[in-house]
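Here is the structure we will look at, set down as structure tokens.
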Amino acid sequence: MDEAKITRINVLYRKSKAEGLTQQELKEQTALRQEYLEAIRGNLRGQLNNISIQEKDGSITDLGEKYGRKKGN
């Protein structure tokens, strides 16, 4: 998500608190927030998929393969 969209989310938020939003602005705000949440979730999944844990026996467990992404990706 680019900086312009994040700025627009903030502008709409401030306007909603100050004077309220039109129906069109409410729809835009909802769509932008949804896009923002999808980007955050995608980034978090990407980070979690790259975590490996070393077990007590010395073996390495790749959490991305175990819980997240499919093996071989």
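When reading the values below, keep in mind they use all heavy atoms of this one structure, side chains included, and skip hydrogens, waters and symmetry mates. Since this is a predicted model, take the numbers as computed values, not measurements.
Within the structure, the salt bridge (charged side-chain N to carboxylate O under 4.0 Å, His left out) test picks out the following pairs touching residues 7-23 (sequence neighbours left out): R8-E28, K15-E25. Screening residues 29-39 for salt bridge (charged side-chain N to carboxylate O under 4.0 Å, His left out) gives K5-E35 as the qualifying pairs, with residues at least two apart or on separate chains.
Not counting sequence neighbours, Q54 has no partner by the side-chain hydrogen bond (donor to acceptor under 3.5 Å, both in side chains) test. Partners of S52 under the side chain to side chain contact (heavy atoms under 4.5 Å, CB included) rule, at least two apart in sequence or in another chain, are I60, D62. Partners of L26 under the side chain to side chain contact (heavy atoms under 4.5 Å, CB included) rule, at least two apart in sequence or in another chain, are L21, Q23, Q29. Under the side-chain hydrogen bond (donor to acceptor under 3.5 Å, both in side chains) criterion, D57 pairs with S59, sequence neighbours left out.
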Please determine whether side chain to side chain contact (heavy atoms under 4.5 Å, CB included) holds for the pair L32 and Y36, giving the CA-CA distance in whole Å, both sets of side-chain angles, and the decisive distance to 0.1 Å. CA-CA 6 Å; L32 287 170; Y36 179 76; over 6 Å; no
Steps toward side chain to side chain contact (heavy atoms under 4.5 Å, CB included) verdict (L63, I53): CA-CA 7 Å; L63 295 182; I53 296 177; 3.5 Å; yes
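For the atom pair OG1 of T30 and CD1 of I9, the computed distance is 10.5 Å after rounding to the nearest 0.5 Å. Taking CD1 of I40 as the reference point, atom CG of N43 lies at 6.0 Å (rounded to 0.5 Å).
Criterion: ILVMFWY side-chain heavy atoms under 4.5 Å apart, direct or through other members. Under it, L44 and L37 are not part of a common hydrophobic cluster.
T7 has its side chain out of reach of N10: every pair of non-hydrogen atoms, C-beta onward, lies at least 4.5 Å apart.
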